[in-house]
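Below: one structure, written as structure tokens.
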Amino acid sequence: MGSKQVETVYCDFAKPFGAQDFQVLIGSVGVKSVVTNFYVQKNTKFSRRNTPIPFEVETVNNGRAMDLASGKFTAPVKGTYFFTFAGHASFPSSFTRVEILSISFYRNGNKVGTAEVGEFHSDNNQLCPLNFQTSQNLQAGDQVWLQIETVSSGVELYDDSRHLTHFSGFLLEEDFS
Amino acid sequence: MGSKQVETVYCDFAKPFGAQDFQVLIGSVGVKSVVTNFYVQKNTKFSRRNTPIPFEVETVNNGRAMDLASGKFTAPVKGTYFFTFAGHASFPSSFTRVEILSISFYRNGNKVGTAEVGEFHSDNNQLCPLNFQTSQNLQAGDQVWLQIETVSSGVELYDDSRHLTHFSGFLLEEDFS
Amino acid sequence: MGSKQVETVYCDFAKPFGAQDFQVLIGSVGVKSVVTNFYVQKNTKFSRRNTPIPFEVETVNNGRAMDLASGKFTAPVKGTYFFTFAGHASFPSSFTRVEILSISFYRNGNKVGTAEVGEFHSDNNQLCPLNFQTSQNLQAGDQVWLQIETVSSGVELYDDSRHLTHFSGFLLEEDFS
């Protein structure tokens, strides 16, 4: 670790400051200069492509790094963050082709990865879940968000008052380098 | 942070106690007064509505805040907790309507959010996953659990000796305010 | 906690070392001697049974405990770890039986738990997600990985340049006992 981590040491103050066993290394602490974690939900459906998915319900937003209206999380400090997304596609009645919803995770302007669900023989209002978990080494100021990649006609990222869409994240380890 | 977090400081004991640079703030530590994390599984199917889902297999239960028989996790301290659920609906043979299983996450008496999976053209013993991740700011003594919200006739939260149902959680940040 | 955790104490150095209130216990710190977290992806499909699933794309591998080629994570220290997996089954065109993909999480030689997705009426290239989250108390040197358990003919764990397969993990609490 060295210069990148804060180290926890055991000091025996009954000994003189220069003694060989005055200080013993225990470990690098999970020290953080900020508390950052969020859990937000939607309460309405959404089907717009190529735009960050906004969220309406703020359940947890310690540190306020998640902006619900823009759908963007901005890293307050350099470090490793963990994110999870769980949502649901609603399908129309369809028997002729596979209907699709795919959602990608973006870091700044770059697509990181994708979750997709498709149904072939579906009926109106059928819900199917799609999920995503990731960790990311972020610089302070980096932004992450979710975006619909592909959505068949009649398919939506569905939500209502039951809150079926879940986006959460937290600072796992801060990098003090 | 201030009064709500434990702060880590660097002290230079070679300097006198009152010196201006005797103490330097590093950050607020992820200090916890308890270790709390669990991962439990089921080994049998379940389809009862309006009752916390019990778990049979204890894989991890550090701090013993998860009670498998009642299905309830009781927060030992005030803080932010993270929870994940992954399970599977088993469907019967059905071609006439969408069959559904939905599971909600409860905090004390209140429904927080929901995961649902539906199938239209399904065959006997077809399994489809549903998932949920959330974080929550809890008071000491707050309880959380999972509950079946909607279950079509013949549909079940399925499990057997393969352990298809996964509920885990941990204390993310303790709040010392 | 006692001997198993590092304790954080408040020391008032203005008081003599032996005074009753010289040292006050705050809590057991989430101290770690190593930083360990990873997030890896696939970029190609895979359908081999009874072999750890390899990964091709290293996004995060702080501590380098995850070996992508072998698909195995080796715990660097004793402690509690958290893992998440999200992937997708691709189905062929099929109307005669339920097609299946199931993936299990292994700890050393032992199967811990499973995620499965089945489709009855499916069309070519239909993708359906399956997911898994778990925490594990591991000894230093313990290994965990993912493995295909059941895969119907024509079904695959699908991936391409969009990165649909996500495996992440991190050290939650180190055990110093």
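To find a chain, count down the sequence lines: A is the first, B the second, and so on, and within it residues start at 1.
Residue C:T80 holds its OG1 atom at 11.0 Å from CZ of B:F170, rounded to the nearest 0.5 Å. In this structure, CZ in C:R97 is found 11.0 Å from CG in B:D123, a value given to the nearest 0.5 Å. The distance from atom CZ of C:F82 to atom OG1 of B:T84, rounded to the nearest 0.5 Å, is 4.0 Å.
Among residues 45-54 of chain C, no residue has any heavy atom closer than 4.5 Å to a heavy atom of chain B. Contacts between residues 99-113 of chain C and chain B, counted as heavy-atom pairs separated by less than 4.5 Å, involve C:V112, C:G113. Proximity to chain B at a heavy-atom threshold of 4.5 Å picks out C:P129, C:L130, C:N131, C:F132, C:Q133, C:T134, C:S135, C:Q136, C:N137 from residues 125-139 of chain C, in numerical order.
Using a cut-off of 4.0 Å between Lys/Arg side-chain N and Asp/Glu carboxylate O, B:R162 and C:E149 are scored as not salt-bridged.
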CA sep, side-chain torsions, deciding dist, call: C:E173, B:N62, side chain to side chain contact (heavy atoms under 4.5 Å, CB included) | CA-CA 10 Å; C:E173 300 281 352; B:N62 297 317; over 6 Å; no
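Aromatic pair C:F85/B:H166: centroids not less than 6.0 angstrom apart. Here C:F120 and B:F120 keep their ring centres 6.0 angstrom or further from each other.
Residues forming a ring pair (Phe, Tyr, Trp, His ring centres under 6.0 Å) with C:H88 (at least two apart in sequence, or on another chain): none.
Ring geometry for B:F95 against C:H121 counts as tilted: the plane angle lies between 30° and 60°, on a 0 to 90° scale.
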